[in-house]
A.B. asks: 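Input: one structure, supplied below.
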4 protein chains.
Amino acid sequence: MDTSKRSGFRRACYRQLEPSAWPGNGLSPVNKVICLLIVAASVVAIAETETSLHGFAVTAFFVLELFFTLVFTTEYVLRLIAVGENPKYAGFGGRIRYVFSFWAILDLLAILPFIVSLGSYNTVLLRVLRLVRILRLARLGRLTKAWDALSEAVWLRRLELTITTGAAGFALLMSSSLLYIAEASTQPETFGSIPRAFWWSVATLTTVGYGDVTPVTSLGRVFAGMTAIAGIGLVAMPAGILAAAFTDAFQRRARNTSEEDP
Amino acid sequence: MDTSKRSGFRRACYRQLEPSAWPGNGLSPVNKVICLLIVAASVVAIAETETSLHGFAVTAFFVLELFFTLVFTTEYVLRLIAVGENPKYAGFGGRIRYVFSFWAILDLLAILPFIVSLGSYNTVLLRVLRLVRILRLARLGRLTKAWDALSEAVWLRRLELTITTGAAGFALLMSSSLLYIAEASTQPETFGSIPRAFWWSVATLTTVGYGDVTPVTSLGRVFAGMTAIAGIGLVAMPAGILAAAFTDAFQRRARNTSEEDP
Amino acid sequence: MDTSKRSGFRRACYRQLEPSAWPGNGLSPVNKVICLLIVAASVVAIAETETSLHGFAVTAFFVLELFFTLVFTTEYVLRLIAVGENPKYAGFGGRIRYVFSFWAILDLLAILPFIVSLGSYNTVLLRVLRLVRILRLARLGRLTKAWDALSEAVWLRRLELTITTGAAGFALLMSSSLLYIAEASTQPETFGSIPRAFWWSVATLTTVGYGDVTPVTSLGRVFAGMTAIAGIGLVAMPAGILAAAFTDAFQRRARNTSEEDP
Amino acid sequence: MDTSKRSGFRRACYRQLEPSAWPGNGLSPVNKVICLLIVAASVVAIAETETSLHGFAVTAFFVLELFFTLVFTTEYVLRLIAVGENPKYAGFGGRIRYVFSFWAILDLLAILPFIVSLGSYNTVLLRVLRLVRILRLARLGRLTKAWDALSEAVWLRRLELTITTGAAGFALLMSSSLLYIAEASTQPETFGSIPRAFWWSVATLTTVGYGDVTPVTSLGRVFAGMTAIAGIGLVAMPAGILAAAFTDAFQRRARNTSEEDP
């Protein structure tokens with residue numbers, strides 16, 4: 001096998017696997033297939049947790065998981081070969097650096113659960129492995145170019161986000177403390193300490209309001225009403241700033257794109 | 001009956017029934033009446049589901065439904081005649097195409113339930129037919145010209161909507177998986193699998209928070225609090241972008257309209 | 001008593017009572033006192049409903065209510081005299097028109113409850129009269145000039161408000177119908193008809209989510225999750241448009257005011 | 001000890017303790033340490049309320065609290081010395097004025113709880129003292145320069161905030177009154193007076209919706225639905241205006257900062 005053939009194969013791999021290296025619009029055929037497989041693997045991983053389904057088809061789930069693991073292992077190896085085309089990861093040292101890069105670790109996490117789960121019967125560990133299988137979905141993130149714009153938008157608003165998050169956290173603390181003062185004697189189980197009151201506070205300030213824990217004393221209700229009214233704006237603010245940052249980032253990208261199109 | 005008379009009748013029908021063909025402002029008299037009848041038919045369909053009312057006046061409900069079906073059938077036939085005025089649906093082939101267009105199918109759905117329900121005593125089918133009767137309300141959509149502006153606005157923001165919807169879906173999956181890890185042993189009925197945990201996740205991330213299902217373990221509550229805080233922004237974002245898109249579309253229309261008025 | 005003296009008194013009344021006629025900034029001394037009395041009367045009316053307080057001081061509440069009624073009656077008569085200064089309500093016919101104007105009716109409602117309640121012992125009627133006493137608070141609205149700007153802002157966005165309100169109403173209907181289809185057999189008491197399902201739908205689409213009524217079937221939960229996600233944006237939209245309209249109105253006023261100040 | 005040495009020490013203290021006097025970017029080393037100690041002291045104060053932790057390590061908590069109190073007392077004394085550098089608080093009269101300034105009182109509150117708690121065994125008092133310990137977190141506010149911009153932004157929108165807060169309060173009153181009319185006979189404990197109905201109203205209008213108190217009569221549910229729909233926009237408005245004011249303030253600061261950078 002001569003070098004030019006090998007390097008031709010490497011270049012083809014790189015073009016197919018690295019989204020920014022694909023000359024056409026959208027995704028390369030191989031990436032499209034990987035995309036579908038990632039989604040399918042996640043659906044299977046979710047369905048597998050439902051014991052009624054799992055008991056029904058243990059073998060089918062095993063075979064599917066084996067198949068996905070083989071495909072993603074092949075993909076991992078091909079990416080390791082292809083990355084040599086990228087000057088940033090050239091040579092042996094570059095490969096080592098690539099293996100410890102964010103996306104490569106995520107790729108590895110897509111393969112490991114199956115291997116680890118083979119020898120394990122610990123229930124909680126198995127559940128965590130299933131979570132890791134679903135985390136494979138995050139690999140789809142590599143295929144979109146939106147991350148840079150988003151992280152830049154968040155970075156531009158870091159001061160606002162820090163201050164409003166701090167204020168929201170302070171509201172959470174104050175709310176928990178006030179309810180602890182008012183309700184600790186009446187409901188020691190749920191308001192007996194400030195950390196215990198956090199559960200109620202988070203449910204209230206995010207306006208979720210499960211109602212499994214509620215103040216019963218008059219003072220507790222007055223504090224609860226006050227913190228609800230004062231705190232909701234505070235907790236909504238980081239979310240609002242984040243949303244505005246995302247919209248800005250998208251619109252800036254849209255403007256840039258339309259300017260590039262003549 | 002000579003052709004000119006027939007074509008005069010067809011033109012009058014078209015003018016009265018097709019909102020964009022009406023020369024004056026607002027709706028034509030016939031469309032105003034149809035509007036009222038659609039609303040009335042929906043109110044009747046809703047009232048009919050209340051068994052206490054229905055048992056009280058079975059005949060009245062039957063007669064009203066018969067009346068609405070007759071009127072809407074007449075309307076359907078007249079629209080079929082009138083649509084020949086529209087060059088897009090001219091000729092026999094055009095008529096066939098019209099019959100399978102979105103609004104014509106919706107019109108047909110307004111007539112069918114009564115006929116189907118005559119021979120049926122299946123409870124669930126009858127309920128679905130009632131839903132179809134209420135869907136008649138969607139026919140009011142034909143009378144407004146807002147759809148084009150709205151769908152254009154949504155289309156312009158398709159990238160933002162896709163990415164934020166994806167992120168919201170990912171938050172839903174992660175949240176369900178984490179709660180499944182923490183709570184599956186304690187509450188197998190409600191958190192025993194990831195699909196089962198979806199119900200809790202949707203109620204939490206949309207901040208509805210029924211409280212019929214809540215985490216009880218400390219770890220589950222920590223995960224719940226984290227996902228509540230992190231996820232709320234994510235789920236609110238598609239809604240926010242959609243709202244912004246709608247406002248833009250309306251303001252662009254308003255500006256265009258005021259520019260046209262000299 | 002000569003005419004000039006009487007007309008001088010009338011002019012003084014008008015200046016003191018009509019906010020737009022007061023030459024200085026802010027409110028006239030008489031209006032400030034009325035403002036305080038309206039708030040005090042509302043606080044008393046609210047406290048009176050609490051039977052533990054009411055039983056404790058029946059006479060005090062009676063005397064206070066008598067006092068407020070006398071003051072507001074005097075105010076009503078003085079306003080009736082003063083309004084003659086306003087060319088819009090001049091002469092006897094003008095007075096009659098004034099008596100039937102929005103604010104004059106509201107003023108009358110501030111006096112009536114006491115008189116009506118004297119001869120009545122019907123519990124529900126007494127409760128409605130207490131509500132009317134609290135409605136007095138709405139009289140404060142006359143003292144602010146914000147109404148015109150607000151109503152203009154709402155009027156400018158009437159199309160958006162109508163369409164989004166219509167869409168929200170449609171979402172409410174669809175959601176109720178779907179839950180009725182899924183849950184009517186299992187929970188006839190709460191989902192047995194579409195009007196009954198409204199209570200759940202309103203609580204869900206506004207994200208209040210009391211949890212007193214929740215779907216229990218799988219199909220019902222799937223429908224509930226779908227409508228929660230799809231509907232929340234729809235219900236939030238009219239509120240968002242209203243908020244934007246208010247902000248616009250305030251900023252336009254602020255700009256106008258700052259332009260007037262040289 | 002000669003005067004120049006003393007005044008040199010005073011100047012060094014001022015530079016280290018007063019954020020605006022520090023020549024470099026960010027915080028001075030001393031302020032960084034104080035920052036960490038404030039956070040640590042708050043974490044300890046929160047952990048101490050959890051009786052399971054507290055019983056485990058009474059002495060450790062006592063020693064830590066003693067340590068924090070000593071450090072913050074030293075800081076208080078040094079700040080009292082250093083403030084002489086500030087022309088606004090020069091001389092003995094200036095020192096007195098400083099002692100009664102907002103931040104100095106907050107500093108004092110950081111020291112007092114430990115001293116007061118030494119001689120006290122009253123449970124509620126001890127809880128309030130713990131709250132005061134957590135309030136120390138508010139001292140972090142001195143270290144940021146964001147307050148001026150924020151308070152200016154709030155001040156610029158004071159009219160909008162007043163009117164929307166008034167409208168939200170009016171919605172709260174109306175909602176409570178209506179539910180009181182509808183539900184007082186059925187649920188006297190929770191809707192028996194308007195103040196009692198406040199708890200339900202606050203939970204509904206903020207969309208928290210605990211569900212511990214819900215209307216059960218048809219009329220009550222109709223009123224509840226109406227007020228939910230009408231009121232949510234009203235309650236969300238002050239929060240929205242506040243959020244917009246904050247965003248404006250931050251963006252104005254960001255623009256000013258970037259203009260200063262050449």
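Residue numbering restarts at 1 for every chain, and letters A, B, ... go by the order of the sequence lines.
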A.B. asks: So, for C/Phe198 and C/Tyr180, is the gap between ring centers shorter than 6.0 Å?
C.D. replies: no

A.B. asks: Where on C/Leu140 is there a heavy atom nearer than 4.5 Å to chain D: the side chain, the backbone, both, or neither?
C.D. replies: neither

A.B. asks: If you count heavy-atom pairs under 4.5 Å between each of D/Ser185, D/Gly192, D/Pro188 and chain C, which one has the most?
C.D. replies: D/Ser185

A.B. asks: Residues in side chain to side chain donor-acceptor pair (under 3.5 Å) with C/Gln187, at least two apart?
C.D. replies: C/Glu183

A.B. asks: Please tell me whether D/Thr186 and D/Thr217 have a donor and an acceptor in their side chains that are separated by less than 3.5 angstrom.
C.D. replies: no

A.B. asks: Between C/Ala168 and chain D, with a heavy-atom cut-off of 4.5 Å, which part of the residue counts as in contact: side chain, backbone, both or neither?
C.D. replies: neither

A.B. asks: Among C/Gly211, C/Ala203, C/Ala138, C/Ala47, which residue has the highest count of heavy-atom pairs closer than 4.5 Å to chain D?
C.D. replies: C/Ala138

A.B. asks: Check each atom of D/Ala184 against the heavy atoms of chain C and say whether the ones under 4.5 Å are side chain, backbone, both or neither.
C.D. replies: both

A.B. asks: Any salt bridge between C/Glu65 and C/Arg136, counting N to O under 4.0 Å?
C.D. replies: yes

A.B. asks: Does one side chain, of C/Asp212 or C/Trp199, offer a donor that lies under 3.5 Å from an acceptor on the other?
C.D. replies: yes

